[in-house]
Amino acid sequence: MKNRLFLLLFFILSLCLQGISQPARQLVQVIVTPDKSDWTYEKGEQAQFQIMVLKNNVPLDGIDVKYRISPELMDAWEEKTVTLKKGVATVKAKRFNDAGFLRCQASVEVDGKTYSSYSTAGFSPEQIKPTTTLPSDFEQFWDGAKADLAKIPINPVLTLMPERCTDKVDVYHVSIDNIKGKIYGILCKPKAEGKYPAILHVPGAGIRPYYGDVRSAEKGIITFQIGIHGIPVNLEQKVYDNLGSGALNGYQVANMDDKDNYYYKRVYLGCVRAVDFIESLDCFNGQDIAVTGGSQGGALSIITAALDSRIDYLAAFYPALSDLTGYLHGRAGGWPHMFKDNFTNKPQKIETSKYYDVVNFARFVKVPGWYSWGYNDNVCPPTSMHAAYNVIPGSKELHLFQETQHWTFPEQQELKNNWLFKKLLK
């Protein structure tokens, strides 16, 4: 019986390993490369893109490739077909006279299947200016909102999660009271007695469970990873799937006609409330807090640092919600692209967006910040992110990994972690 069980387990493990070992890369690779190594030009320059198609790492010759050149996520400037000669084709774009980004997409059909890729050239990205404007009562609006939040007790409830604890770290599921409803998160704190710095992890878009940052806690840092939707973050995945396709579907534009009741108001204030909670912990050292996240979390990192002077450092990957009105000015706007659809382009929604746009929070960020994204980001257009980054008055450093889309290389994560640890564990 034991032998049969062993063989069954071995068979299942073998199948799992076969699945894991399947290559992620496709058989045919389309490679598109600008003719400058850093993919960056001065505005008014003319970019060239080289297109190659490889099969079994060997360039294919004499086949037709369709290409499309356009400003990111906007209408095409040019759509043509070119034939590869000696395995290569070079296409020249029109001069790009504005500060911004130009994308070349290429596709090819091989053995009945279509393969595609793209690359993006930047033109004087440091000169990109926002399209959104700062409301005259922006600071007053958020000061009033924070004052309302301060009237509500934190009322923290910590529930130990023994199955997630380690010999060095205690892990808790936490609920705290927010301006409306609650904020839930996962707290990881060192078991050893002492006073520690802290990292607030703010989430990307979507609805999901969270597991906490045990690794950083083992290094001597309190970590608090929050959800934003006012629901526990330790439920089964199907609960979040049902909410994502049901009650929380399209939460990004919920109540956008009214700046006082827009969905993100309680989210932004929830991040401040999470800082309140960290400050209340006996094991917090009282002086060092960083905030970090990617995409929606990158946006929330910048916003939290602007709203809350207790934040000392921020690290953000590809911040969403940046320069949302770009589409109303003939260029790409930030995720969630609400103004790409004319149905949402109502004056009330446009006005509300100004109070929630990352650009207008970025204007008030004074703490040291570490930022990283790629030119090829197909969710958060680099134009929108540079529009926010360029107005940040505080100390800042931008780490470009041009090839990346809406993901990161391990090296980016390592750089970010090393920067945060150096700041917090000084």
Side-chain angles (χ1 to χ4, degrees), residues 125-146 149 197-204 224 226 228 264-265 267-276 278-279 287-326 333-335 353-373 380-400 415-416 419-420 422-424:
E126 74 285 350
Q127 296 181 30
I128 294 172
K129 296 180 180 179
T131 61
T132 192
T133 56
L134 182 71
S136 60
D137 65 341
F138 181 85
E139 291 179 272
Q140 179 184 351
F141 175 79
W142 284 107
D143 285 344
K146 289 189 292 181
L149 175 65
I199 297 176
L200 171 62
H201 290 272
V202 283
F224 188 39
I226 62 169
I228 60 169
Y264 273 112
K265 184 176 183 182
V267 174
Y268 292 7
L269 292 175
C271 294
V272 174
R273 178 43 44 106
V275 179
D276 291 338
I278 291 172
E279 288 272 341
Q287 55 186 352
D288 299 302
I289 306 179
V291 60
T292 188
S295 194
Q296 178 186 263
L300 295 176
S301 297
I302 295 171
I303 290 161
T304 306
L307 283 176
D308 199 320
S309 61
R310 295 171 295 181
I311 295 295
D312 301 289
Y313 311 102
L314 79 93
F317 287 116
Y318 34 73
L321 294 157
S322 297
D323 205 37
L324 295 165
T325 53
W335 178 94
S353 76
K354 297 176 183 179
Y355 292 86
Y356 294 87
D357 197 305
V358 166
V359 164
N360 288 333
F361 290 93
R363 302 179 197 275
F364 299 95
V365 172
K366 298 177 182 178
V367 299
W370 186 99
Y371 306 83
S372 186
W373 55 76
C380 296
T383 294
S384 68
M385 297 186 286
H386 279 272
Y389 179 82
N390 289 345
V391 301
I392 294 172
S395 171
K396 58 189 177 182
E397 51 187 85
L398 176 57
H399 298 262
L400 291 172
L415 280 173
K416 184 263 291 185
W419 186 86
L420 282 177
K422 183 177 180 180
K423 296 292 186 184
L424 294 171

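Just so we're clear, the structure is a prediction, and the values are computed from it rather than from any experiment.
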Locate the shortest heavy-atom distance separating [X] from [Y]; write the atom from each residue and the value.
| X | Y | value |
| --- | --- | --- |
| V358 | A299 | CG2-CB, 3.4 Å |
| Y318 | C380 | O-SG, 3.7 Å |
| A198 | L424 | O-CD1, 4.0 Å |
| T304 | L300 | OG1-O, 2.6 Å |
| L324 | S353 | CD1-CB, 4.1 Å |

After noting the C-alpha distance and the side-chain angles of K146 and F141, does the key distance pass the side chain to side chain contact (heavy atoms under 4.5 Å, CB included) rule?
CA-CA 9 Å; K146 289 189 292 181; F141 175 79; over 6 Å; no
Using atom types as modelled and distance alone, determine if a side-chain donor or acceptor of [X] lies under 3.5 Å from a backbone N or O of [Y].
| X | Y | answer |
| --- | --- | --- |
| S301 | G293 | yes |
| Q296 | P203 | yes |
| S322 | A320 | yes |

Ignoring hydrogens and angles, write down the donor-acceptor pairs under 3.5 Å from the side chains of residues 387-396, residues two or more places apart or on other chains.
| residue | atom | partner | partner atom | Å |
| --- | --- | --- | --- | --- |
| Y389 | OH | L398 | N | 3.3 |
| N390 | ND2 | P125 | O | 3.0 |
| N390 | ND2 | E126 | O | 3.2 |
| N390 | ND2 | I128 | O | 2.9 |
| N390 | ND2 | H386 | O | 3.2 |
| K396 | NZ | Y389 | O | 2.7 |
| K396 | NZ | I392 | O | 3.0 |

All side-chain hydrogen bond (donor to acceptor under 3.5 Å, both in side chains) counterparts of [X], not counting sequence neighbours:
| X | result |
| --- | --- |
| T325 | T131 |
| D137 | Y355 |
| S372 | Q412 |
| W335 | none |

With V291, which of I278, V202, D308 fulfils side chain to side chain contact (heavy atoms under 4.5 Å, CB included)?
V202
The single option from L307, I302, I303 that satisfies side chain to side chain contact (heavy atoms under 4.5 Å, CB included) with V365 is I302
Gap between atom [atom2] of [Y] and atom [atom1] of [X] - 0.5 Å precision:
| X | Y | atom1 | atom2 | result |
| --- | --- | --- | --- | --- |
| N360 | L134 | CG | CG | 4.5 Å |
| L200 | C271 | CG | SG | 6.5 Å |
| E397 | W419 | CD | CH2 | 6.5 Å |

Does Y313 form a side chain to side chain contact (heavy atoms under 4.5 Å, CB included) with V367? I'd like the steps, not just the answer.
CA-CA 6 Å; Y313 311 102; V367 299; 5.8 Å; no
Please enumerate all residues that pass salt bridge (charged side-chain N to carboxylate O under 4.0 Å, His left out) together with [X], with sequence neighbours excluded.
| X | result |
| --- | --- |
| K423 | none |
| D323 | R331 |
| D276 | R273, R310 |

For Y356, check ring pair (Phe, Tyr, Trp, His ring centres under 6.0 Å) against everything at least two apart and list the hits.
W142, Y262, Y268
For residues 353-363, pull every pair meeting salt bridge (charged side-chain N to carboxylate O under 4.0 Å, His left out), keeping only residues two or more places apart or in separate chains.
E351-K354
Which residues share a side chain to side chain contact (heavy atoms under 4.5 Å, CB included) with L420, sequence neighbours left out
I199, A290, T292, A315, K416
Looking at residues at least two apart in the chain, or sitting in another chain, which of them share a side chain to side chain contact (heavy atoms under 4.5 Å, CB included) with Q127?
K43, A99, S124
Does a side-chain heavy-atom distance below 4.5 Å link F224 with V275?
no
Surrounding CD of Q140 (heavy atoms of other residues, nucleotides or ligands, distance under 6.0 Å), is the total greater than 12?
no
Using the ring of each side chain (for Trp, its six-membered ring), is W370 parallel, tilted or perpendicular to F317, with breaks at 30° and 60°?
perpendicular
